[in-house]
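A, B, ... follow the sequence lines: proteins, then strands. Residue 1 opens every chain.
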Amino acid sequence: MIKIENLYKSYGDLEVIKGITKNIDKGEVVAVIGPSGSGKSTFLRCINMMEDITSGKVVVQGKDLTDPKVNINKVRQNVGMVFQHFNLFPHKTVLENLMLAPMKVKKMKKAEVMEKSKNLLKKVGLEDKADVYPDSLSGGQKQRIAIARALAMEPDVLLFDEPTSALDPEMVREVLDVMRDLAKSGMTMIVVTHEMGFAKSVANRVFFIDYGVILEDASPKKLFETPTHERTKEFLDKVLNH
Amino acid sequence: MAYLETLKGIFIDGDRYMYILKGLLFSINVTILAAIIGIVLGVVLALCRLSRFYPFKNKFNPLSQGALIYVDLIRGTPAVVQLMVLANVIFVGSLRDVPILVVAGLAFGLNSAAYVAEIIRAGIEGLDKGQSEAARALGMNYITTMKEVIVPQAVRKILPTLVSEFISLLKETSIVGFIGGVDLLRSANIITSQTYRGVEPLLAVGIIYLILTSLFTKFMRKIEEKVKN
């Protein structure tokens, strides 16, 4: 479903991603872990071209994003993204946040979108917040709305960029629960995260990124219990035993 | 009571209040004309400043550079100089018969556009980058993102500053006397020259400016409240 070939990304002289080649299949839940500054987020943002790709290829559902003839907006309709800071539209109500893209991008009928959006709100447990503005929500609620907003476009892949890093600890769980349900439903997900518990229990594949390369790609059991790389061991030691 | 007689002597006798009314009309017209030019050109300049497109992405962008030079030029020189240059260097020869109202409106409009452009640019750039990222990630193109997400939020931020800009504009038009325009301030001078009273005409136009700006401010506050929700 997603093919990444020899991906390189630099900001000026700074090389952030140094040659990543990976395939991700439909239904896989990939957790991307690694030290800060290792290039995890940049890697994720290359998959929907939120960052320009310096060289290499990213092919999503057969469409090469680096091909200028490919309409990136069309691809993005199928690749949802959830951000660390939610990025809800503050001038729109919760329901309008969900409805905006399906109506303006997919040109779907209002009544149909409204019904779908309300169902999605129910799914994330926030149907009573449909008519409030994002300002009045807690961080956990905002992130659940952001997930619902991404789902409103009915994407085939969801990218999560540290979805729980900006949350108060007691709100992490409600967001992870929603993500866990999504994973169970068969959604293809790539999740950059610091939540090792989530990586362990939900992901079926874990990437360990350091200095712009994927050092390790294994099942969570294998990666957490018998890491092969020295760097992985060091990292896990730091985050798990503190 | 005697002072009321004096005031009558200054403003009513010889229908001198007509100077003020005509000056008021002139000032308002210049301001409106300038504001329209300022907004239209300002939006265009701001879009040029913000533009980033193939093949100028990340590299030298002539649109953005051009707009930047314009803004620096206008903001770096006094409005009086711009006004006089326009009137005495450009609108000469066959263009000599262009009405002063138009010349003045154009001069102040060109001037205001530079400030408006910077206000709009700052308003748009000041928005959280995550807003446009979220919109683009949902598959919206540049225009839809601007229309649905960026502009509605930017307008709220920009409006108060824009109001200040147009209040300054109204007051700044009082320099049109330099090119022979008879505005509010100039009309006060005319009355002074006829009556030898310097203070009252000045105070009168000062009060009129104050009334105009407070009416405008009140009106804009209403609009601000409306767009807030």
Side-chain angles (χ1 to χ4, degrees), chain A residues 10-12 41 44-45 47-52 54 68 71-93 96-107 133-135 142 145-155 157-161 166, chain B residues 43 46 50-61 64 119-163 220-229:
Chain A
S10 332
Y11 296 103
S41 285
L44 189 79
R45 290 164 59 86
I47 298 174
N48 65 348
M49 281 274 268
M50 294 309 282
E51 301 288 342
D52 291 326
T54 307
N71 182 351
I72 184 66
N73 296 323
K74 263 272 186 291
V75 178
R76 283 177 182 154
Q77 292 177 30
N78 268 326
V79 184
M81 189 166 208
V82 175
F83 299 87
Q84 181 178 359
H85 296 289
F86 332 122
N87 300 350
L88 295 177
F89 305 133
H91 60 300
K92 300 209 175 274
T93 65
E96 286 166 350
N97 262 277
L98 267 68
M99 292 171 62
L100 183 64
M103 280 172 59
K104 297 292 169 187
V105 180
K106 283 191 169 171
K107 313 276 180 209
Y133 284 88
D135 276 352
K142 280 183 191 166
I145 298 296
I147 294 172
R149 180 178 67 178
L151 289 173
M153 287 298 282
E154 303 182 318
V157 187
L158 265 186
L159 309 176
F160 293 83
D161 190 1
Chain B
V43 168
L50 292 166
S51 68
R52 264 205 226 168
F53 56 89
Y54 188 81
F56 303 121
K57 233 175 172 180
N58 304 327
K59 281 184 229 136
F60 174 75
N61 175 346
S64 178
I119 291 169
I120 293 176
R121 184 190 61 82
I124 289 180
E125 284 188 343
L127 282 183
D128 180 11
K129 223 177 127 218
Q131 288 295 310
S132 69
E133 283 189 352
R136 299 307 298 270
L138 285 163
M140 292 185 212
N141 59 27
Y142 178 78
I143 292 174
T144 312
T145 302
M146 276 301 201
K147 190 169 147 254
E148 299 293 334
V149 177
I150 305 301
V151 171
Q153 292 186 61
V155 164
R156 279 163 227 212
K157 284 183 96 172
I158 289 169
L159 217 49
T161 335
L162 220 47
V163 170
M220 288 311 287
R221 288 226 173 99
K222 281 242 165 77
I223 291 186
E224 263 173 57
E225 269 164 36
K226 275 232 173 87
V227 294
K228 234 173 216 164
N229 297 309

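Taking chain B as the reference chain and counting heavy-atom pairs below 4.5 Å, the highest number among A/Met50, A/Gln77, A/His91 is found for A/His91.
The parts of A/Phe89 that come within reach of chain B are both its backbone and its side chain, each placing non-hydrogen atoms under 4.5 angstrom from that chain. Of the two parts of A/Val79, only the backbone, made up of N, CA, C and O, holds a non-hydrogen atom closer than 4.5 Å to a non-hydrogen atom of chain B. Heavy-atom distances place both the backbone and the side chain of B/Asn141 under 4.5 Å from chain A. For A/Arg149, the parts lying near chain B are the backbone and the side chain together; criterion is any non-hydrogen pair under 4.5 Å. Interface remark: A/Lys92 contributes side-chain atoms only to the contact with chain B (heavy atom separation under 4.5 Å). In this structure, the portion of A/Leu88 lying under 4.5 Å from any heavy atom of chain B is its backbone and not its side chain.
Put simply, CG on A/Asp52 and CZ on A/Arg45 are 10.5 Å apart, with the number rounded to the nearest 0.5 Å. Atom CG of A/Leu100 and atom CG of B/Leu138 lie 7.5 Å apart (nearest 0.5 Å). To the nearest 0.5 Å, the span separating CG on B/Leu127 from CD on B/Glu125 amounts to 10.0 Å. Atom CD of A/Glu51 sits about 10.5 Å away from atom CE of A/Met49, to the nearest 0.5 Å.
Proximity of a side-chain donor or acceptor of B/Arg136 to a complementary backbone N or O of B/Met140 within less than 3.5 Å is detected.
By the 4.5 Å heavy-atom criterion applied to side chains, B/Gln131 and A/Pro90 are counted as neighbours.
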